[in-house]
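Owing to the predicted nature of the structure, the values given are computational and were not obtained by experimental measurement. Numbering starts at 1 and runs along the sequence shown.
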Amino acid sequence: MDTAEKFRALAASLGSLLNPTELIRSVGLIGIWGIIFAETGLLVGFFFPGDSLLFLAGVAASPVADLIPTFTGLHLPIVWLLIVTPICAIAGAQVGHWLGHRYGAKLFARPDSRLFKQEYVDKAERVFVRFGPAKAIVLARFIPIVRTFMNPVAGVLRVPARTFFIWNVVGGVIWTDGILLAGYYLAKQILKVIPPDKIDIYLLPAIVLIILISMIPIFVEIGRSRRERRRARTTEAQAAERV
């Protein structure tokens, strides 16, 4: 195999790794759980498509999965998905928190590369500072890349283990089961609008829409924090005028 063929094979492998539909067919239930654990617990897992993987897993577990050519013959048990997937997400985040607490800031002391960017860490820290530990841990679940780096950042910043665990459980359950159930219940509605043989063409836009909907709490929090800052500035200005 020459260099060009090796490159094409590598590109095809990476494409499959990042394609949630192919991932579900190739790795199955155990693989889905392993990917969710890696994305939330291991720094190298930030590039996995967690949101779309969960949504499509819900679709693949739905009663109409066999009508979709992509998922024909693939029967995922929704009950096990709803039980084990959040456990994997919670366990992965706990590992991330432990790594941050154990190794501190030196965990991120590495030069930028094609995969690792210091801006990923900075983005997670900005979310943490803006919303505080509780909201940041929950909201980060809905932000790709940030959900990977938030957990070790929380460890580096010494968020107490009990506080982290409580909000990690809340965020893990809402994120995993919320998106799984969205895929499960919306699958039938999607088939009413899109012919089964053309569903692959429209799945990506549908996934993007679901991700945007899942990020509504973040937009709400951002809007609320901005309103609070404006009120605070107005109060300060009024106080200064009275003085």
Side-chain angles (χ1 to χ4, degrees), residues 14-29 31-62 65 68 70-71 74 76 78 81-93 96 115 120 123-124 127 131 135-151 167-187 189-190 194 199-222:
L14 288 175
S16 298
L17 188 65
L18 299 176
N19 185 315
T21 305
E22 293 185 23
L23 271 174
I24 291 172
R25 289 208 66 90
S26 59
V27 303
L29 201 59
I32 291 171
W33 292 334
I35 289 169
I36 293 300
F37 175 88
E39 189 191 12
T40 54
L42 307 177
L43 295 180
V44 294
F46 68 89
F47 56 84
F48 283 121
D51 297 299
S52 52
L53 185 71
L54 289 171
F55 181 76
L56 289 176
V59 172
S62 70
I68 303 173
T70 304
F71 297 124
L74 181 65
L76 298 181
I78 187 62
L81 279 170
L82 293 175
I83 293 173
V84 181
T85 310
I87 293 175
C88 294
I90 292 165
L115 290 179
Y120 300 159
K123 188 180 295 185
V127 173
F131 297 111
K135 289 181 180 178
I137 292 167
V138 174
L139 294 176
R141 289 287 189 178
F142 299 92
I143 311 176
I145 298 179
V146 171
R147 64 172 156 261
T148 301
F149 289 94
M150 174 60 69
N151 307 313
W167 294 107
N168 177 28
V169 170
V170 173
V173 171
I174 293 174
W175 177 58
T176 55
D177 285 355
I179 298 181
L180 282 169
L181 288 172
Y184 184 83
Y185 286 112
L186 289 176
Q189 304 304 318
I190 291 173
I194 305 171
I199 193 114
D200 283 348
I201 301 174
Y202 296 96
L203 269 180
L204 183 57
I207 292 167
V208 171
L209 178 61
I210 292 297
I211 293 173
L212 289 175
I213 292 173
S214 72
M215 292 179 68
I216 287 176
I218 299 169
F219 299 141
V220 171
E221 284 297 330
I222 291 174

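- Thr176 has its side chain out of reach of Ile90: every pair of non-hydrogen atoms, C-beta onward, lies at least 4.5 Å apart.
- Atom CG of residue Asn168 and atom CG of residue Asn151 lie 6.5 Å apart, to the nearest 0.5 angstrom.
- Closest approach of Trp175 and Thr40 over heavy atoms only: CZ3-CG2, 4.0 Å.
- Atom CD1 in Ile87 sits 13.5 Å away from atom CD1 in Ile36 (nearest 0.5 Å).
- Checking side-chain atoms of Asp177 against main-chain N and O of Pro86 turns up no donor-acceptor pair under 3.5 Å.
- For the pair Val170/Ile137, no side-chain contact is recorded, criterion being any heavy-atom separation below 4.5 Å from C-beta on.
- Nearest heavy atom pair, residue Cys88 against residue Trp33, reads SG-CB, 3.5 Å.
- Of the inter-residue distances, the one linking Ile174 atom CD1 with Ile179 atom CD1 reads 11.0 Å to the nearest 0.5 angstrom.
- Within the structure, salt bridge (charged side-chain N to carboxylate O under 4.0 Å, His left out) pairs that include any residue of residues 141-150 comprise Glu39-Arg147, Asp51-Arg147 (at least two apart or interchain).
- The structure places CD1 of Ile78 at 8.0 Å from OG1 of Thr85, a figure rounded to the nearest 0.5 Å.
- Residues meeting the side-chain contact (heavy atoms from CB on, under 4.5 Å) test with Leu76, sequence neighbours left out: Ile24, Leu29, Ile32, Ala57, Ala60, Ala61, Leu74, Leu81.
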